[in-house]
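Just so you know, ligand 1 is whichever comes first in the structure, and atom 1 is the first atom listed for that ligand.
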Amino acid sequence: MENQRIESAAITAGRPARTPGAPLNTAISLNSTFAAGGAIGYGRFGNESWHSLEDAITALEAGDSTLAFSSGMAAISAVFSLLPHGAPIVASDQGYSGSMALLKKYHEQGRLEVRFVDIANTKDVFEALIGAAFLWLESPTNPGLEVAEMAVIIGEAKKRNMGVAVDNTFATPLNQRPLEMGADISMHSVTKYLAGHSDVVLGSLTVRDPALHSRLLEARTLLGAIPGPFEAWLALRGIRTFPLRFKAAQENAKALVPKLKEHPAIHNLRYPGFGAIISFEVKSDVAGTDRVCESSTLITNATSLGGVESTWERRRRWALESESVSENLIRLSVGCEHIDDIWDDISKALSAI
Ligand SMILES: *Cc1c(COP(=O)(O)O)cnc(C)c1O
């Protein structure tokens with residue numbers, strides 16, 4: 001299975017050994033307790049359904065091993081739990097609202113010394129890296145869709161012997177593989193594109209270094225942030241079609257961008273040139289922007305992203321969202337519906353202002 005392309009690995013990885021009569025899929029293992037002396041000591045230490053999912057994500061991310069967590073935030077928390085008290089770290093000043101809120105809290109508590117920088121400004125990032133111990137990189141950012149010069153920044157951080165973790169949720173391994181660029185950890189909110197059906201919350205961390213794997217495994221075991229076996233099974237089922245779904249959604253997004261750019265009711269469209277998330281601002285007030293989101297019939301007005309179904313929302317409806325995000329910014333997660341139906345729905349909704 002070495003060196004398979006992502007499209008093949010998504011289908012072949014994490015299967016039981018191919019022996020006569022063997023099932024193609026790992027069963028959902030509902031067990032807390034195992035007879036002593038075997039590979040799994042207890043239900044919080046390991047689970048066959050997790051392990052199959054983990055093997056599949058490892059193949060997608062070109063890693064050595066993966067740990068699944070109960071959510072993306074649980075995976076992120078496990079990474080931060082490894083950092084020593086007061087460690088100076090560099091992070092984007094814009095990014096997923098949950099990661100940002102957690103970093104700000106740790107910073108205020110003195111738990112970490114976080115240097116927030118504009119991740120798209122490589123010169124500023126390089127300056128912030130001086131004397132830092134760790135780099136938390138999210139690119140493209142959520143919801144501003146800023147893009148970092150990933151390879152250059154990771155290279156500089158590694159030259160300085162820093163640890164590097166990348167939130168790869170938006171780009172997905174089809175567009176970017178952080179471990180190949182030298183990062184230590186590639187993190188996913190599996191909830192989004194990998195699982196892809198808006199029916200499961202799950203996270204993952206993929207690494208190459210066995211010692212780092214052991215430390216993260218210890219963090220998962222002791223913090224208890226373990227996934228449910230059924231969720232792991234659902235996510236793996238989702239991964240089988242991840243490349244197909246993601247490419248269809250990305251193609252739809254690329255087709256929508258020029259149409260949206262020409263629309264007189266919106267401005268400041270951001271799209272990094274890849275992926276299936278588009279952010280734009282409505283030329284109206286908060287109420288007008290809300291009306292747009294509420295007027296769609298195909299697209300669901302909802303948070304979260306990365307499902308087969310298109311969703312959008314006014315991001316600032318959340319108290320946690322950064323004030324640097326405009327009040328009338330809509331984040332659109334383009335799904336796999338027919339492009340003409342999506343466009344008809346957007347056009348009708350935009351006429352609501
Ligand atoms: C959703 C999301 C997270 C958090 O993941 P959960 O599974 O919701 O805990 C982290 N990073 C990004 C970029 C996300 O979109």
Side-chain angles (χ1 to χ4, degrees), residues 50 53 57 61 66-81 91-106 119 135-148 150 165-176 178 183 185-206 219-220 223-228 231-232 234-236 238-239 242 246 249 253 270 272 274-279 302-307 309-313 315 317-318 320-322 325 329-335:
W50 309 347
L53 169 68
I57 298 174
E61 284 287 343
T66 297
L67 290 163
F69 287 81
S70 49
S71 66
M73 285 309 299
I76 292 169
S77 300
V79 173
F80 295 159
S81 79
S92 170
D93 59 3
Q94 256 203 49
Y96 177 64
S97 54
S99 331
M100 291 293 101
L102 188 63
L103 284 174
K104 277 185 193 134
K105 201 178 181 71
Y106 283 167
I119 211 75
L135 170 64
W136 174 255
L137 200 48
E138 181 181 324
S139 175
T141 58
N142 178 358
L145 299 175
E146 285 191 52
V147 175
M150 294 280 288
V166 176
D167 183 334
N168 208 29
T169 303
F170 268 37
T172 84
L174 279 170
N175 286 309
Q176 128 186 322
I185 302 174
S186 182
M187 172 263 157
H188 274 279
S189 169
V190 179
T191 313
K192 314 294 169 52
Y193 291 107
L194 296 188
H197 293 76
S198 308
D199 54 8
V200 59
V201 175
L202 214 125
S204 71
L205 299 174
T206 305
R220 182 180 70 179
L223 298 171
I226 56 166
E231 282 71 17
L234 269 179
L236 180 54
I239 282 177
F242 150 68
F246 187 78
R270 297 130 204 252
F274 60 90
I277 308 289
I278 304 169
S279 293
T303 198
S304 198
L305 54 103
E309 50 288 285
S310 296
T311 58
W312 63 5
E313 68 171 338
R315 274 306 285 180
R317 74 191 180 94
W318 298 105
L320 269 186
E321 187 54 87
S322 162
V325 173
L329 180 139
I330 292 178
R331 186 189 67 193
L332 166 63
S333 170
V334 182

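Atoms of ligand 1 lying under 4.0 Å from at least one heavy atom of D167, given by number and element, are 10 (C), 11 (N), 12 (C), 13 (C). Annotation for ligand 1: atoms under 4.0 Å from non-hydrogen atoms of N142 are 15 (O).
Looking at I119 and E138, their side chains never come closer than 4.5 Å, going by heavy atoms from C-beta outward. Within the 4.5 Å cutoff, side-chain heavy atoms of P178 are placed close to those of E61. Between L305 and F170, the closest side-chain pair of non-hydrogen atoms falls below 4.5 Å.
Figure legend: K105 and F80 shown without cation-pi pairing, the cationic atom not lying both under 6.0 angstrom from the six-membered ring centre and within 45 degrees of its axis.
Residues T303 and R315 have side chains that bring a donor and an acceptor to within less than 3.5 angstrom of each other.
Geometrically, ligand 1 and M73 share a nitrogen or oxygen pair separated by less than 3.5 Å. Taking distance alone, with nitrogen or oxygen atoms compared against 3.5 Å, F170 stays at or beyond that limit from ligand 1.
Protein heavy atom in closest approach to atom 14 (C) of ligand 1: K192 NZ, 3.0 Å. Of the protein's heavy atoms, Y96 CE2, 3.4 Å lies nearest to atom 4 (C) of ligand 1. Annotation: atom 5 (O) of ligand 1 to nearest protein heavy atom, S189 OG, 3.0 Å. In terms of protein heavy atoms, atom 7 (O) of ligand 1 is closest to T191 OG1, 2.7 Å.
Within the model, atoms CG of N142 and CG of D167 stand 8.5 Å from one another, a figure rounded to the nearest 0.5 Å.
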